[in-house]
Amino acid sequence: MARIAFFPFAEIGHTNATFGLARRLRARGHDVFYLSLADVQDHVRSQGWEFTPFFEDVFPKGYLDAKYALLRARNASLRDRYAAATELDARARAQFTEVLFGDDFAARMSALRPDLMLIDAVYPLPALTARRIGIPAAIFCTTLPLGRDEAVPPLSTRIVPGQGRWSALKARAAWTWFDLRGRIGYVGFTRAKIKELAGRYPELGELCDFGTHLQHGPRLKIPTLIASCQSLDFHRASTDHLHYVGPCIDLERVEPPLPSEIAGDDRPLIYCALGTHDEHAPRCRPFFQAVLDAMSRRPHQRLVLVVGKALSVGDFRVPSNAVVMRSVPQLKVLRSATLMITHGGMNSVKECICLGVPMIVFPLAWDQPGNAARIAYHGLGVTADIAAATPESIGAMIDAVSTDLGYRARIRTMQQRFLSENDSDRALELIERLAAQRPPASA
C-alpha cells in the first residue's frame with residue numbers, strides 16, 4: 001500500500017476538508033500522514049493522524065495568531081501594525097524561498113518517503129519541490145477551482161456567468177485586476193522567484209501559470225483534485241487537470257458532545273456561524289446582534305449563534321429562544337438544524353448540502369462570494385450583503401427560506417448527488433494511480 005502525505009494550508013478549515021478522504025484512504029490500507037505549520041498540529045493529531053511540523057524557524061507555533069491579533073487590535077498603534085505586517089511579509093518571502101530552493105526542506109520531505117503528496121491549492125509550492133526530487137505530487141483544492149477560466153468569474157466575486165454582456169465584462173475585469181495585482185508586492189516577488197526556478201529547472205517552469213487567484217504562487221498544471229461536486233459549480237470552458245472528486249466530507253469527524261443548552265427543544269433550529277477567522281469580528285459583532293434581534297420576534301423558532309474566539313458571549317442582548325456560544329460541534333448542530341446562516345465557507349456549504357440544510361449566506365472574503373453566488377443560482381438558499389443587514393431584512397430572509405418548500409426540495413436533490421459522490425471511489429482510485437507513477441527527479 002502507498003504512503004500518502006497531506007500538506008494542507010495551515011488553517012482549521014483546510015485541514016478539516018481533508019479528513020474524510022484521509023479516513024477512506026486509511027480504510028483501504030494506505031499509510032496517511034500530515035505535514036504543515038505547527039499551528040494546526042494539535043487539531044490534526046486530535047483526529048488521530050501522524051503530523052510533522054515544517055518551517056518551525058519561520059513560523060513557530062502561535063506566531064501567526066499573535067501577529068494577526070496585533071493587526072486586529074483596536075488599541076494597536078499604526079506603527080506597531082506596520083511593523084507586524086512588514087515582519088509577516090518578510091517571513092512569508094523567506095518561506096517561499098526556502099520551499100523552492102532550500103536543501104533542508106527538500107531533504108526533510110525525502111526523509112519522510114511519501115509515495116504521493118497532496119498539496120493544498122492555496123499554497124501549491126511544495127508540489128514543485130516534490131516534483132524536483134522525484135516524489136509524485138498532486139494538488140488538493142478545498143474549494144472550487146482557482147485558475148483562470150474565461151467562462152467563470154473569480155470565486156472572490158458574486159458575478160454569475162451567462163447573465164448578459166455586462167456580467168461577462170465584469171468577470172473579465174475581475175480577472176484583469178487579479179493579473180495586475182500579481183505584478184507588485186508579495187505576489188510580484190513570487191513571480192520573480194518562479195521565473196528564477198524556471199531558469200534552473202525549465203521543466204518545472206512549464207508547469208506554472210499565474211492566471212489564478214486566492215493562491216500563494218502560481219497555479220500548477222498537474223492533476224488537481226477538487227473537493228466538491230461539479231454540479232455545484234458553474235459551467236467551465238476547460239477542465240484540464242481538474243478532477244471533481246466529490247465533497248470529501250468526514251461525516252464521522254470527531255466532535256465534542258452537543259451542549260446541554262442546545263438539546264431538548266423541539267422548535268425549528270436556526271444555526272448561525274460565520275467561520276473561524278477572527279479578523280472579521282468587528283464586522284460580525286453588529287450583524288450577530290441583528291440576527292438575535294430578528295429571532296427575538298420569532299419565538300416559535302430557536303437560534304444557536306456561534307461568535308468565535310474574538311467576541312464575548314456577554315457582548316450581546318440574547319432573547320430567551322437563543323443560545324450564544326463561542327464554538328459548537330457543527331455537524332451535530334446541523335443534523336438538528338432547519339436553516340443555517342453562514343459566511344459561505346466551502347466546508348460549511350458542503351456540510352449543509354450533505355445534511356440537507358438550506359442556507360442564508362453573508363459572504364465575508366476569499367471564495368465566499370463565489371460560493372454564495374452558486375448557492376443562490378442553484379436555489380439552495382439566498383445571499384445578501386452583511387453590511388446592509390438589519391433585523392428586518394434578516395427576519396424576512398429567514399421567513400422566506402423557512403416557508404418556501406422549494407429550497408428544501410432543491411437542496412435534497414443536491415444532497416443526493418453529494419452523498420453519492422462522497423461515497424464514490426473516484427478520488428481513491430485516482431490517488432492510487434498517481435501514487436504508482438513516480439516521476440524522475442529534475443537534474
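What you are looking at is a predicted structure, and each value in this text was computed from that prediction instead of being measured.
- For the pair Arg283 and Phe288, the NZ or CZ position fails the cation-pi test of under 6.0 Å to the six-membered ring centre and within 45 degrees of the ring normal.
- The residues Asp42 and Lys61 are annotated as salt-bridged, a charged nitrogen and a carboxylate oxygen being separated by less than 4.0 angstrom.
- Salt bridge Arg191/Asp179: present, at least one basic N to carboxylate O contact under 4.0 Å.
- Using a 4.0 Å cut-off between charged nitrogen and carboxylate oxygen, Arg28 and Glu432 count as a salt-bridge pair.
- When each of Leu334, Ile249, Leu331 is paired with Cys354, the side-chain contact (heavy atoms from CB on, under 4.5 Å) condition holds for Ile249 and for no other.
- The closest side-chain heavy-atom distance from Ile194 to Leu128 is below 4.5 Å.
- Between Leu155 and Leu146 the shortest side-chain heavy-atom distance falls below 4.5 Å.
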Let me see the working for Thr338 and Tyr271 under side-chain hydrogen bond (donor to acceptor under 3.5 Å, both in side chains), right down to the final yes or no. CA-CA 8 Å; Thr338 58; Tyr271 172 45; over 6 Å; no
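- Arg253 has a carboxylate O that lies under 4.0 Å from a charged side-chain N of Glu351, or vice versa, which qualifies the two as a salt bridge.
- Between Phe6 and Phe33, the gap from one ring centroid to the other reaches at least 6.0 Å.
- For Ala376, the side-chain contact (heavy atoms from CB on, under 4.5 Å) partners two or more places apart in sequence, or in a different chain, are Thr383.
- You'll find the ring centres of His43 and Phe19 inside the 6.0 Å limit.
- Contact check on Arg108 versus Asp104 returns no salt bridge, with no Lys/Arg side-chain nitrogen under 4.0 Å from an Asp/Glu carboxylate oxygen.
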Applying ring-ring contact (aromatic ring centres under 6.0 Å, His included) to Phe105 and Phe55, what does each step give before you reach the verdict? CA-CA 8 Å; Phe105 176 68; Phe55 310 115; 5.2 Å; yes
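- Under the side-chain contact (heavy atoms from CB on, under 4.5 Å) criterion, Ser312 pairs with Asp315, Arg326, sequence neighbours left out.
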I'd like to know whether Asp209 forms a salt bridge (charged side-chain N to carboxylate O under 4.0 Å, His left out) with Arg148, so could you lay out the CA-CA distance, the side-chain angles of the two residues, the decisive distance to 0.1 Å, and finally the verdict. CA-CA 9 Å; Asp209 173 12; Arg148 181 165 185 158; over 6 Å; no
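- Screening Ile360, Leu292, Val291, Asp293 for a side-chain contact (heavy atoms from CB on, under 4.5 Å) involving Ile394 leaves a single residue, Val291.
- Between Asp115 and Arg3 no salt bridge is recorded (no basic side-chain N to carboxylate O distance below 4.0 Å).
- A salt bridge is defined here as a Lys NZ or Arg NE, NH1 or NH2 lying under 4.0 Å from an Asp or Glu carboxylate O, and Asp233 with Arg374 meets this definition.
- Figure legend: Arg26 and Trp49 shown as a cation-pi pair, the cationic atom lying under 6.0 angstrom from the six-membered ring centre and within 45 degrees of its axis.
- Between Glu87 and Lys67, at least one side-chain nitrogen of the basic residue sits less than 4.0 Å from a carboxylate oxygen of the acidic one, meeting the salt-bridge criterion.
- With 3.5 Å as the limit, one finds no donor-acceptor pair spanning the side chains of Tyr244 and Glu421.
- In this view, Thr157 and Pro153, Pro154, Ile159, Ala174 satisfy the side-chain contact (heavy atoms from CB on, under 4.5 Å) rule, not counting sequence neighbours.
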